[in-house]
2 protein chains.
Amino acid sequence: MPTSTVENYLKAILVRSSDEVGVVSTGALAEALGVTPGTITTMVKSMAARGLLEHQPREGVRLTPEGRAHALAVVRKHRLVETFLVQVLQMDWKEVHQEAEALEHAISDRVLLKIDAILGHPAADPHGDPIPSRKSPVLGRGKGVTLASCEPQKQLRVERILDQSAPFLEFIQKSGLMPGARVRVRERDRASGVVRCDLKEGETTLGLPEAAKIEVKVS
Amino acid sequence: MPTSTVENYLKAILVRSSDEVGVVSTGALAEALGVTPGTITTMVKSMAARGLLEHQPREGVRLTPEGRAHALAVVRKHRLVETFLVQVLQMDWKEVHQEAEALEHAISDRVLLKIDAILGHPAADPHGDPIPSRKSPVLGRGKGVTLASCEPQKQLRVERILDQSAPFLEFIQKSGLMPGARVRVRERDRASGVVRCDLKEGETTLGLPEAAKIEVKVS
DNA sequence: ATTTTGTCTTTGACGACTCAAAGAGTTTAT
DNA sequence: ATAAACTCTTTGAGTCGTCAAAGACAAAAT
Ligand SMILES: [Mn+2]
Ligand SMILES: [Mn+2]
Ligand SMILES: [Mn+2]
Ligand SMILES: [Mn+2]
């Protein structure tokens, strides 16, 4: 059984290996996990010895099928727990990511089955992130259009928030841009870097990089 | 923040310091925690240095007020989680102790508040163990009568099961002796060491040491 | 072609937790 | 009173996860 440290490493690698080859640099991991590069090299060697990943020195790291399977299981736990905390325990949307960060390592598969059943096998978590199913080794990653890239004036629906940081989620909540909300881009001004949107409850304005973190779908 | 290892040590000490002075021997802890005596001595020294307990070498260990408060908080978490797993997630009575053993270290106070509220601030867990409240530093310990010590022929109610081991819980469940059940001791034979009880659903027979693990109340 | 810069790895060290085995103290039996 | 038995502590060592600092490599600049 991997420790929770190893599980966090696996998750960080999975979520960053979006490109075709699936290689992640040790530097990116150091950044993501908040440890020094030397620590990453050490851990990565021990994880490679355990068969969880392959390490090309000075190149990067790639999950083995076993490592990938375990990483997906952890992501599944994380997202089901988040959904449970919001829907059953009525917790605040902005808090659940942090809580799930710990619970994902403590919840057994038995408990997870119960949670999944009570929730009715949801497909996405409260941030719109897809919940990997037990059988499909998929992890959809921000391929859709965003408020920064969509056509203006169309009726849209918020699909997914691509930034879990508390201040950003706070803003999303305040302005009513949570997943499921209907929204329309009134204008997008490249020069000033500003996007203006209409919502049911009034309007809201945000910067282009922020708009790019809100995935939408034509509806 | 104590690690989960330290939390388990605190809990083990609390639950074994039932006597007036509240002293627990390092040997008893080694036994309870499944580590060697030398490990206990080492850990106990570091916990004493952190102010969680006092250590009289070759005598034993006693929690400080701070250590005691933290231990009670962990026990509270454990028992509320057990209750939640049974009542909300409908998990099997015999499994929840094991699950709670991990979750008690991963659940935040915020989540605990929600759980406590949803359950309606219960006073006892599924085994009948009292749930310490946030304010009362109490931990009632098997002071009542048991099936081995009560008067025969009286109408009783099962209050508490004093053994969390899976096989024993399995037997309790099978024979219908779970907390809340009505029961009457038909006969107790010191010579053969056997207790015979009548329940709503038939009768059951058990040994004296086992009967002593079932706390009851006249009803 | 060198040098510089940026990234990655190695090395030595540490804290937390654990064990096995040897040592010290205490209690009980002879 | 001495020995035996029991319990507890010490010592030396190992694993895991981490850091700081020094070293190696590769890409980019000159
Ligand atoms: Mn985590
Ligand atoms: Mn999420
Ligand atoms: Mn525990
Ligand atoms: Mn219990």
Side-chain angles (χ1 to χ4, degrees), chain A residues 1-14 16-17 19 21-63 66-67 70-71 74 101-102 104-106, chain B residues 1-14 16-17 19 21-63 66-67 70-71 74 101-102 104-106:
Chain A
M1 260 312 90
T3 63
S4 53
T5 304
V6 167
E7 287 189 341
N8 283 334
Y9 277 64
L10 288 173
K11 206 174 50 155
I13 296 167
L14 176 69
R16 272 159 196 83
S17 53
D19 71 333
V21 275
V23 168
V24 184
S25 73
T26 57
L29 289 178
E31 168 75 26
L33 291 165
V35 296
T36 61
T39 300
I40 297 289
T41 303
T42 308
M43 281 297 290
V44 138
K45 279 201 288 193
S46 94
M47 287 169 75
R50 281 211 254 169
L52 295 170
L53 50 79
E54 282 155 33
H55 180 210
Q56 238 63 54
R58 301 209 134 80
E59 268 294 305
V61 125
R62 187 198 347 248
L63 294 178
E66 185 190 340
H70 200 95
V74 177
E101 206 54 56
E104 65 191 356
H105 313 293
Chain B
M1 258 316 87
T3 63
S4 51
T5 304
V6 168
E7 287 188 340
N8 283 334
Y9 277 64
L10 288 173
K11 207 175 49 154
I13 296 168
L14 176 69
R16 273 158 194 82
S17 54
D19 70 334
V21 277
V23 167
V24 184
S25 73
T26 57
L29 289 178
E31 167 75 24
L33 291 164
V35 296
T36 61
T39 301
I40 297 289
T41 303
T42 308
M43 281 297 290
V44 137
K45 279 203 286 195
S46 96
M47 288 169 74
R50 281 211 255 168
L52 295 171
L53 51 79
E54 283 156 31
H55 180 210
Q56 237 65 53
R58 301 208 134 77
E59 267 293 304
V61 125
R62 188 196 348 246
L63 293 178
E66 184 190 342
H70 200 95
V74 177
E101 206 53 55
E104 66 190 356
H105 314 292

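Model, not experiment: these values are computed from the prediction.
Applying the side-chain contact (heavy atoms from CB on, under 4.5 Å) criterion to A:Ala106, with sequence neighbours excluded, gives B:Leu103, B:Ala106. When the salt bridge (Lys or Arg N to Asp or Glu O under 4.0 Å) test is applied to A:Glu101, the partners found at least two apart in sequence or on another chain are A:Lys11. Under the rule for a side chain to side chain donor-acceptor pair (under 3.5 Å), the partners of A:His70 that lie at least two apart in sequence or sit in another chain are A:Glu7. The side-chain contact (heavy atoms from CB on, under 4.5 Å) test applied to B:Thr5 returns B:Thr3, B:Tyr9, B:Met43, not counting sequence neighbours. Qualifying side-chain contact (heavy atoms from CB on, under 4.5 Å) partners for B:Ala102, counting only residues two or more places apart in sequence or in other chains: none.
Of the side-chain N and O atoms in B:Thr26, one or more sit less than 4.0 angstrom from OP1 or OP2 of D:dT9. In this structure, A:Tyr9 does not reach the D:dC16 phosphate: none of its side-chain N or O atoms is under 4.0 Å from OP1 or OP2.
Across residues 29-40 of chain B, B:Pro37, B:Gly38 each have a non-hydrogen atom less than 4.0 Å from an atom of DNA chain D (numbered order). Against DNA chain D, the stretch residues 49-58 of chain B makes heavy-atom approaches under 4.0 Å through B:His55, B:Pro57, B:Arg58.
Residue pairs meeting the side chain to side chain donor-acceptor pair (under 3.5 Å) criterion with at least one partner in residues 40-63 of chain B, sequence neighbours excluded, do not occur; the list is empty.
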*asked:* Assess the residue pair B:Val6 and B:Leu52 against the criterion (side chain to side chain contact (heavy atoms under 4.5 Å, CB included)); give the C-alpha distance rounded to whole Å, side-chain angles, the decisive distance to 0.1 Å, and a yes or no.
replied: CA-CA 10 Å; B:Val6 168; B:Leu52 295 171; 3.7 Å; yes

*Walk me through it: do A:Leu10 and A:Val74 pass the test side chain to side chain contact (heavy atoms under 4.5 Å, CB included)?*
CA-CA 8 Å; A:Leu10 288 173; A:Val74 177; 5.8 Å; no

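At the heavy-atom level, B:Thr41 lies under 4.0 Å from base atoms of the strands shown. Residue-level contact check: A:Ser46 touches neither bases nor backbone, having no heavy atom under 4.0 Å from any strand.
Two residues, A:Thr5 and B:Ala28, neighbour DNA chain D, and the one matched to the more 5' nucleotide by heavy-atom proximity is B:Ala28.
In terms of heavy-atom proximity, A:Glu66 sits nearest to A:Gly51 at OE1-O, 3.9 Å.
Atom NE2 in A:His105 sits about 12 Å away from atom P in D:dG17, given to the nearest Å.
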Enumerate donor-acceptor pairs with a distance under 3.5 Å from any side-chain N or O in residues 30-40 of chain A to protein atoms, sequence neighbours excluded.
| from | atom 1 | to | atom 2 | distance (Å) |
| --- | --- | --- | --- | --- |
| A:Thr36 | OG1 | A:Thr39 | OG1 | 3.0 |

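Each of B:Val44, B:Leu14, B:Leu53, B:Leu29 was evaluated against B:Val24; a single residue qualifies, B:Leu29, per the side chain to side chain contact (heavy atoms under 4.5 Å, CB included) test.
Once you apply a 4.0 Å limit to the heavy atoms of chain A, the touched nucleotides of DNA chain C run 5' to 3' over C:dC8 to C:dT10.
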